[in-house]
Amino acid sequence: MSIFLLILSIAVYNQILIKVEEHKFNPPGKLIEIDGHKMHIYSIGDINSSPTIVMTCGSGTPSAYTEFSNIQSKLSTITRTSVYERPGYGWSEQSSTSRDTEQIVEDLRRLLNKSGEKPPYLFVAHSMGAMEVLLYTHKYPDEVEGIVLVDGTSPYKHLYHSEASISDFEVQGIKVLNKIGFLRIVLDSELIPMLNNRLNSMNKEVKSIDKAMTYKNILNDMVIKEGYSLKATAEKMYGQLDFGDTPLVLFAADKSMQELPGWEMSQNSLLKLSNNSKLIIVENTDHLSILHDSTEKIENIIEEMIIKIRNK
């Protein structure tokens, strides 16, 4: 009985904290209505600069704003930058519309237009975010001047190696652990080294926001629906993409290349999408750490791409 009461007390306290944090951390950017739900976009840098860098995160990331905080801060001194959050991520509300990649692309395009951002765009995407970037470039090639994928997925990957990284049972288990406050205890106690490296790459305020967004958004319905829709979208995209001479740079974690099923073939399939592509394998990184451990390398490549785009 004592153990039960303790767990119940922690769970109630955790839910109170989640509500408090919702009001404590205000969105730094704009909340713009798309199809009856509000989406968050955070843009900084000279609005008259070109190209505009648009950044999008991988599946299940608590917040794209926190995920790209370091990269955006640096690149915004050079050009216009925008980080946007899909429904169910960060401050963006959940949506009643489909969560397939085609819908995500149309949401993004309308969000950019309504927020006043203008092409040409240079897309930067991590993990699953690659799929929306690839489809956006396919549908609206005149708006895209360059692509940087950081351990990005591909239509090939979701067609031929579509195994889930986490089972439905594990999803429900993590949700329960989050509700009773166990996840908060784990993060605050820094018990998982892989997550600690990511969090410790952020400044104190951003780190607090990222934790709050984790407790608020972890594995919500939007994240799950996105995952379920990927294979069907990949079937439509596979073999249909051709980006001509659009610059395409792929960063791949060496551990992903060695350990993830089909990852090397997936990256090779992405290389073929452009006549102006290259693959950079980053040593001593994995799928999660590459974005935070390789910030300087990613920034340098993007700066080089901006110079070439402007000269062109």
Side-chain angles (χ1 to χ4, degrees), residues 28-29 41-46 49 51-86 89-90 121-130 132-133 145-153 187 190 192-211 213-214 247-257 260 263 267 270 277-309:
I41 182 169
Y42 176 65
S43 301
I44 51 176
D46 185 355
S49 294
T52 299
I53 299 173
V54 178
M55 290 163 270
T56 182
C57 66
S59 176
T61 301
S63 164
Y65 165 76
T66 59
E67 188 80 334
F68 287 101
S69 59
N70 292 330
I71 292 177
Q72 184 177 27
S73 177
K74 174 69 181 298
L75 294 176
S76 64
T77 63
I78 303 167
T79 194
R80 183 71 168 174
T81 63
S82 294
V83 169
Y84 98 99
E85 298 182 315
R86 298 188 296 273
Y89 291 73
Y121 302 122
L122 194 168
F123 281 114
V124 180
H126 176 234
S127 189
M128 192 199 76
E132 66 211 60
V133 167
E145 287 285 358
I147 303 168
V148 175
L149 302 183
V150 183
D151 229 29
T153 58
L187 288 185
E190 299 189 351
I192 304 178
M194 182 173 64
L195 296 180
N196 296 342
N197 293 338
R198 176 179 173 276
L199 286 168
N200 291 332
S201 70
M202 305 171 184
N203 66 42
K204 185 176 180 180
E205 180 182 1
V206 173
K207 183 177 179 180
S208 297
I209 293 172
D210 191 82
K211 286 183 178 181
M213 291 301 171
T214 298
L248 170 63
V249 177
L250 311 175
F251 284 91
D254 62 335
K255 292 182 182 178
S256 294
M257 298 289 274
L260 297 182
W263 204 257
Q267 298 304 301
L270 290 170
S277 63
K278 69 176 178 179
L279 172 64
I280 300 171
I281 299 177
V282 186
E283 301 295 326
N284 301 315
T285 57
D286 56 37
H287 187 64
L288 184 62
S289 69
I290 183 173
L291 186 63
H292 302 279
D293 291 349
S294 311
T295 299
E296 188 173 348
K297 292 179 182 178
I298 296 169
E299 290 168 350
N300 290 339
I301 286 293
I302 294 173
E303 287 184 40
E304 291 176 10
M305 293 178 73
I306 290 171
I307 292 171
K308 291 179 180 178
I309 291 169

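None of these values were measured; they are calculated from a predicted model.
Not counting sequence neighbours, the partners of Ala125 by the side-chain contact (heavy atoms from CB on, under 4.5 Å) test are Thr56, Val133, Leu149. Not counting sequence neighbours, the partners of Ser289 by the side-chain contact (heavy atoms from CB on, under 4.5 Å) test are Thr285, Asp286, Asp293. By the side-chain hydrogen bond (donor to acceptor under 3.5 Å, both in side chains) test, Asn70 is found to be paired with no residue, residues two or more places apart in sequence or in another chain being considered. The salt bridge (charged side-chain N to carboxylate O under 4.0 Å, His left out) test applied to Glu303 returns Lys74, not counting sequence neighbours. Partners of Tyr42 according to the ring-ring contact (aromatic ring centres under 6.0 Å, His included) rule, which considers only residues two or more places apart in sequence or in another chain, are Tyr65. Every residue was checked against the side-chain hydrogen bond (donor to acceptor under 3.5 Å, both in side chains) condition with Ser73, not counting sequence neighbours, and none meets it. In this structure, the salt bridge (charged side-chain N to carboxylate O under 4.0 Å, His left out) partners of Glu190, at least two apart in sequence or on a different chain, are Lys207. Evaluation of the side-chain hydrogen bond (donor to acceptor under 3.5 Å, both in side chains) rule for Glu67 yields Arg198, His292 as partners, not counting sequence neighbours. With sequence neighbours excluded, no residue forms a side-chain contact (heavy atoms from CB on, under 4.5 Å) with Asn197. Partners of Glu145 according to the side-chain contact (heavy atoms from CB on, under 4.5 Å) rule, which considers only residues two or more places apart in sequence or in another chain, are Pro120, Ile309, Lys312. Residues satisfying the side-chain hydrogen bond (donor to acceptor under 3.5 Å, both in side chains) criterion with Glu205, sequence neighbours excluded, are absent altogether.
In terms of heavy atoms, Pro62 sits closest to Asp210 at CB-O, 3.8 Å. The two atoms that bring His287 and Ser127 nearest to each other are NE2-OG, 2.7 Å, heavy atoms only.
Once rounded to the nearest 0.5 Å, the distance linking CD of Gln72 with CE of Met55 reads 4.5 Å.
No side-chain N or O of Ser49 forms a donor-acceptor pair with one of Thr79 less than 3.5 Å apart.
Put simply, the side chain of Glu85 never gets that close to the backbone of Ser63: no donor and acceptor are under 3.5 Å apart.
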